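See below for the structure under consideration.
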Amino acid sequence: MNIPFNKPYLTGKEGHYIYQAVLSGKISGDGVFTKKCHALFEGKFGFKKTLLTTSCTDALEMAALLINIQPGDEVIMPSYTFVSTANAFVLRGAKLVFADSTDYNPNMDVTQVESLITPKTKAIVPVHYAGIAVDMDPLLDLAKRHNLFIIEDAAQAIDSYYKGRPLGSIGTMAAFSFHETKNIMAGEGGMLAVNDDRFVLRAEIIREKGTNRSAFFRGEVDKYGWVDMGSSFLPSDIIAAFLYAQLENLEEIQGRRKTLWDRYYKALRPLEEKGLIQLPYIPYFATNNAHMFYLVCKTLEERIGLITLLKEKGIYAVFHYLSLHASPFYRDKHDGRALPQSDRYSDCLLRLPLFYELTEEQVDFIADTILEYYKRS
Ligand SMILES: *Cc1c(COP(=O)(O)O)cnc(C)c1O
């Protein structure tokens, strides 16, 4: 048996919609399917304004431009995250201030954040790891008191909720990813959700090379020109056509992923009860969008052993982020604080295969292999 870590799922309509987009004669950005995607996201999740981008990385870079990050500004984010969360702000000259993760899941420990705020702090960037919400209310309170922006890295968090509110609708802005490893995907793709009216017009301009082309096409101005800085962040309508086919099947995709997630959880729960591993923890304020199933081993050696055994059986399980505060690029710039939980997840967290076409039998086989490993050791 060979079980890959991920296999992108096709709903069947992707090719049809791409063909329609091609036949329409307009396949540059902001075509028919881009508008359909925007309408669906805004309607279903209540984001004030959505703009498809070529990646979540791009959406994060747009957010950094929009809140006008300047050299020396400080941005607080978890160390246990993807490099794009950090790069977007580093590109504008920001200093990163890393928060540690909680001991119960890899999300940032919001109780530490206040002590990291200085007069130079401009933004907090919570990352909803595995699609499970960061505790947002304390962050919103801090943002209000210290006049900070909150940029949600919601790359993994589509269709997940915090106290009933969709993730990505809570911060000033949010960035989503439609990379092929995410629940809803278009190969490469992303989206900026803007929840604060003050940024809506400028977001359109920055995405369109600093021009007011979007307003021009709506007939709001009689000619368009260069009005601000910007770049090219919008995807072809072919990407949007692909994405739309996925979005139409959102519920079915999420349902299948949750079924598989629950099956893993039930099978591996006895190991957690014995104190041998740690499983994902979903706080009372959060929902599970089944983006990822992971377990946390006790040591790095134990994780290496488990990866090896799984690989022998044809199962591809993979670790995840290396703490950014300890990375070759940033360790000299980090303020030196130890971040033990982030390091623990770097060394010990293991992600298991989870994709639409994974079967129940495969989940059982993977879980049995893990149970066998802990019987042996
Ligand atoms: C996937 C991911 C990104 C980057 O998404 P791209 O669309 O590949 O740019 C950023 N942050 C997190 C937390 C991610 O999981």
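Both counts, for ligands and for their atoms, begin at 1 and track the order of listing. Values below: all heavy atoms of this structure, side chains included; hydrogens, waters and symmetry mates excluded. Just so we're clear, the structure is a prediction, and the values are computed from it rather than from any experiment.
- Aromatic ring pairs are classed by plane angle as parallel below 30°, tilted from 30° to 60° and perpendicular above 60°; the pair Tyr244 and Phe33 is tilted.
- A donor and an acceptor atom, one from each side chain of Gln70 and Asn68, are located under 3.5 Å apart.
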Checklist entry - Checking ring-ring contact (aromatic ring centres under 6.0 Å, His included) for the pair Phe285/Tyr161: CA distance, chi angles, key distance, verdict? => result CA-CA 8 Å; Phe285 52 70; Tyr161 298 81; over 10 Å; no
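- Taking the charged nitrogens against the carboxylate oxygens, Lys313 and Glu372 do have a contact shorter than 4.0 Å, which makes a salt bridge.
- Taking atom 11 (N) of ligand 1 as the reference point, the nearest protein heavy-atom neighbour is Asp153 OD2, 2.9 Å.
- A donor and an acceptor atom, one from each side chain of Gln254 and Tyr356, are nowhere located under 3.5 Å apart.
- In Cys56, the parts holding a heavy atom less than 4.0 Å from any atom of ligand 1 are both the side chain and the backbone.
- In this pair, Phe47 and Phe41 present their aromatic rings tilted. The plane angle is within the 30 to 60° band.
- Aromatic ring orientation, His334 versus His325: tilted (interplanar angle from 30° to 60°).
- Remark: Lys182 fails to qualify as a cation-pi partner of Phe178 under the 6.0 Å distance and 45° angle criteria applied to the six-membered ring.
- Below 3.5 Å of separation, one finds no N or O of His179 facing any N or O of ligand 1.
- Nearest non-hydrogen protein atom to atom 3 (C) of ligand 1 is Phe82 CD2, 3.5 Å.
- For atom 7 (O) of ligand 1, the closest heavy atom belonging to the protein is Ser177 OG, 2.7 Å.
- Among all protein heavy atoms, the one lying closest to atom 14 (C) of ligand 1 is Ala155 CB, 3.3 Å.
- Using a 4.0 Å cut-off to heavy atoms of Val127, the atoms of ligand 1 that qualify are 13 (C).
- With hydrogens left out, the protein atom closest to atom 9 (O) of ligand 1 is Thr57 OG1, 2.5 Å, a heavy atom.
- Annotation: atom 1 (C) of ligand 1 to nearest protein heavy atom, Lys182 NZ, 1.8 Å.
- Using a 4.0 Å cut-off to heavy atoms of Tyr321, the atoms of ligand 1 that qualify are 13 (C), 15 (O).
- At the top of the distance list for atom 15 (O) of ligand 1, counting protein heavy atoms only, stands Gln156 NE2, 2.8 Å.
- With Leu279 as the partner, the side-chain contact (heavy atoms from CB on, under 4.5 Å) test is satisfied by one option alone out of Tyr294, Tyr264, Phe293: Phe293.
- Applying the 4.0 Å criterion to heavy atoms of Ser55 picks out, from ligand 1, the atoms 7 (O), 9 (O).
- Against a heavy-atom cut-off of under 4.0 Å, Gly189 is close to the following atoms of ligand 1: 7 (O).
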